[in-house]
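Worksheet: one structure, shown below.
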Amino acid sequence: MKLSLLSTSFLALLASTTSAWELRANNQVYTGTTPTQGCKPIFIPRGSRISWTGSNGARTLQLFNVQGKCNQVYRTVMGVGEINASNNIYGYMVKR
């Protein structure tokens, strides 16, 4: 019993430290261990469900809805959250 509990705790700790963030949208999964270096291109069509989990220094997701431009934030999700895209999304950035 103790060994099972210990190995379960170890696996949970390992899983929590391997990926600092995870973005799920449009049947795709994007992950990372650090904030992104600038805006990353992505295409998430309008009406898509977006799921976000961020931790370990990469807690904030910013989404951009103008193709080729990342100077005006469309949506921000901090920590954990789910949203529906009411516009097409063309870029994302992960921040602390």
Side-chain angles (χ1 to χ4, degrees):
M1 179 76 165
K2 285 184 180 182
L3 181 59
S4 176
L5 179 61
L6 180 61
S7 49
T8 303
S9 298
F10 176 75
L11 289 175
L13 176 63
L14 181 62
S16 69
T17 58
T18 55
S19 179
W21 60 269
E22 179 178 274
L23 169 62
R24 290 180 175 267
N26 202 23
N27 294 321
Q28 298 290 318
V29 178
Y30 305 87
T31 61
T33 56
T34 61
T36 58
Q37 299 294 316
C39 183
K40 301 293 182 187
I42 194 172
F43 178 69
I44 302 172
R46 179 180 183 186
S48 296
R49 184 173 170 197
I50 301 167
S51 175
W52 166 255
T53 304
S55 64
N56 299 339
R59 297 192 50 79
T60 304
L61 171 68
Q62 291 183 331
L63 300 170
F64 304 91
N65 67 340
V66 177
Q67 192 167 10
K69 295 186 179 181
C70 293
N71 56 357
Q72 185 175 349
V73 177
Y74 162 67
R75 286 263 176 94
T76 300
V77 183
M78 298 176 74
V80 175
E82 290 189 10
I83 63 171
N84 288 321
S86 55
N87 285 318
N88 289 338
I89 296 172
Y90 298 103
Y92 74 96
M93 184 181 306
V94 178
K95 301 176 101 177
R96 291 191 186 274

Show the nearest heavy-atom pair for residues K69 and F64, with the distance to one decimal. O-CB, 3.9 Å
Check for a donor-acceptor pair, side chain of W52 on one end and backbone N or O of M78 on the other, with a separation under 3.5 Å. no
Mark yes or no for whether T36, through its side chain, and V94, through its backbone, hold a donor-acceptor pair below 3.5 Å. yes
Shared ILVMFWY cluster between W21 and L61, side chains joined below 4.5 angstrom? yes
Would Y74 end up clustered with I83 when hydrophobic side chains under 4.5 Å apart are linked, directly or stepwise? yes
If we ignore hydrogens and angles and just use 3.5 Å, is the side chain of N26 paired with the main-chain N or O of I44 as donor and acceptor? no
Which heavy atom in N88 sits nearest to a heavy atom in R46, and how many Å separate them? OD1-N, 2.7 Å
Do any N or O atoms from the side chain of R59 and from the backbone of G54 form a donor-acceptor pair under 3.5 angstrom? yes
Write down the atom of P35, the atom of R96, and the distance for their closest heavy-atom approach. CG-CG, 3.9 Å
Can you tell me how far CD1 of I89 sits from OG of S48, rounded to the nearest 0.5 angstrom? 8.0 Å
Inter- and intrachain pairs under ring pair (Phe, Tyr, Trp, His ring centres under 6.0 Å), touching residues 24-46, at least two apart: F43-Y90
Does V77 belong to the same Ile/Leu/Val/Met/Phe/Trp/Tyr cluster as V80, with side-chain heavy atoms less than 4.5 Å apart forming each link? no
